[in-house]
2 protein chains.
Amino acid sequence: MFQNAQVPEQSFMNRKGSEMSVRIDALDRKILEQLQRDASQSLDDIAKQVGSSKTPVWNRIRKMREAGIIGQQTVLLDAEALGFEACFFVLIRTSEHEADWQAKFLKALRDRPEVQEAHRLAGDIDYILKVRVKNARAYDAFYQALISEVRVHNVTALLSMEEIKSTVALPL
Amino acid sequence: MFQNAQVPEQSFMNRKGSEMSVRIDALDRKILEQLQRDASQSLDDIAKQVGSSKTPVWNRIRKMREAGIIGQQTVLLDAEALGFEACFFVLIRTSEHEADWQAKFLKALRDRPEVQEAHRLAGDIDYILKVRVKNARAYDAFYQALISEVRVHNVTALLSMEEIKSTVALPL
DNA sequence: TGTGAAAATCATAGACG
DNA sequence: CGTCTATGATTTTCACA
């Protein structure tokens with residue numbers, strides 16, 4: 001049993017940057033691990049697994065949801081089974097760094113559902129994208145559409161042959 | 001209403017490669033979209049949203065689960081709020097391509113929880129990793145550990161400055 | 001804060017048209 | 001196959017220690 005074992009270890013602001021801060025203790029972390037592993041478990045099961053009981057676990061989950069620590073609850077689909085057989089990592093260099101170019105570029109990425117990830121990078125290469133499409137032709141269509149919308153200096157596409165590992169879990 | 005609107009569009013084998021094939025129709029696709037968007041919805045809500053009713057939706061979900069199309073149910077956590085402030089994409093070139101080197105390398109990646117993604121690539125660069133860590137020092141520790149375990153020819157780390165977009169949803 | 005119970009909702013199964 | 005009904009689980013709330 002874990003009666004009141006809070007060792008304050010970390011605090012942070014929520015998304016709105018408000019004063020509200022939430023501390024994450026060892027029990028919270030165990031709960032998060034369980035939720036990451038299987039979000040369909042019942043509260044009772046989670047409580048058992050983390051050595052606590054229903055109500056405290058429920059209150060902590062609610063708090064972490066409100067604080068934005070716990071976000072979307074989703075389901076992972078088998079991409080290949082659904083016909084998404086190509087995955088590209090796209091390295092982008094640009095010479096344009098004005099604000100309105102960047103805004104246009106970001107909007108283009110956010111609007112395209114085949115872009116699963118987009119990061120602005122430090123250094124030589126400016127952006128990296130992860131693009132999941134049905135096949136190479138669909139990638140080409142994406143690529144042509146992108147470069148017709150925004151000017152980019154240099155694009156390198158890396159084609160994934162095999163997904164060795166894929167997880168959304170953080171190593172808490 | 002969607003009475004029996006099955007337009008067969010796709011079939012595939014399940015994970016064990018058995019004969020069992022499942023066809024995905026427009027209704028299945030809508031259900032998957034809803035589950036991706038919010039897996040905590042009740043069956044009734046999903047049924048309403050896709051224009052069907054409880055039992056058919058439930059049967060389809062069960063079938064797709066059994067077929068492995070629907071996998072893990074999980075929760076997305078706010079990485080920054082939990083202190084994971086650094087994200088690297090790591091490009092790896094190697095000169096070694098023997099089977100046992102590869103097995104060792106794969107095991108090393110699968111054993112390290114900071115590796116969220118690992119792909120074997122076509123072309124010039126052999127592998128790409130996505131590594132999520134608390135800070136640059138933690139990345140260095142990861143890097144040193146990795147190169148001491150397996151020999152690699154060339155490693156380039158790309159540091160993410162900003163996560164512009166991140167989704168696990170497939171564009172069904 | 002944790003416990004236990006009450007109330008409301010939901011998932012799951014099965015009979016029927 | 002879809003509709004409807006039933007019944008156990010589960011979530012969510014709340015009074016009390």
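Since this is a predicted model, take the numbers as computed values, not measurements. Lettering of chains follows the sequences in order, A, B, ..., and the numbering in each one begins at 1.
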| field | From A/R60, A/K30, A/K63, residue fulfilling salt bridge (charged side-chain N to carboxylate O under 4.0 Å, His left out) relative to A/D25 | value | A/R60
Sub-3.5 Å pairs of nitrogen or oxygen atoms, protein against nucleotides 4-6 of chain D:
from: D/dC4; atom 1: N4; to: B/T55; atom 2: OG1; distance (Å): 2.6

| request: For the pair A/K165 (side chain) and B/L109 (backbone), establish whether a donor and an acceptor sit closer than 3.5 Å, ignoring hydrogens and angles. | output: yes
| query | Over its full length, what angle do the end axes of the helix from C/dT1-D/dA17 to C/dG17-D/dC1 make, each axis taken from five pairs and the result rounded to 10 degrees? | reply | 10°
| query | ring-ring contact (aromatic ring centres under 6.0 Å, His included): which pairs involve residues 44-95 of chain A, sequence neighbours left out? | reply | A/F88-A/Y139, A/F89-B/H119
Atom [atom1] of [X] and atom [atom2] of [N]: how far apart are they, to the nearest Å?
X: B/K63; N: C/dT12; atom1: NZ; atom2: P; result: 16 Å
X: B/N59; N: C/dA13; atom1: CG; atom2: P; result: 10 Å
X: B/W58; N: C/dG14; atom1: CH2; atom2: C1'; result: 11 Å
X: B/R23; N: D/dC1; atom1: CZ; atom2: P; result: 12 Å
X: A/Q41; N: C/dA11; atom1: CD; atom2: C1'; result: 17 Å
X: A/R62; N: C/dT1; atom1: CZ; atom2: C1'; result: 13 Å
X: B/R60; N: C/dA11; atom1: CZ; atom2: P; result: 18 Å
X: A/D45; N: C/dA11; atom1: CG; atom2: P; result: 16 Å

| request: Output all residues satisfying ring-ring contact (aromatic ring centres under 6.0 Å, His included) with B/F105, sequence neighbours left out; order by chain, then residue number. | output: B/W101, B/Y127
Quick one: do [X] and [Y] make a salt bridge, cutoff under 4.0 Å?
X: A/R23; Y: A/D28; value: no
X: B/D111; Y: B/K107; value: yes
X: A/R62; Y: A/E66; value: yes

| field | Options D/dG2, D/dT12, C/dA11, nucleotide nearest the side-chain atoms of B/L43 | value | C/dA11
| Closest listed nucleotide, where the reference is the side chain of B/P56 and the choices are D/dT3, C/dT1, D/dT11 | D/dT3
| note | Hits for side-chain contact (heavy atoms from CB on, under 4.5 Å) against B/A145, two or more places apart or cross-chain, chain-then-number order -> B/R112
| Partner residues of B/E163 under the side chain to side chain donor-acceptor pair (under 3.5 Å) criterion, sequence neighbours left out | B/R132, B/S166
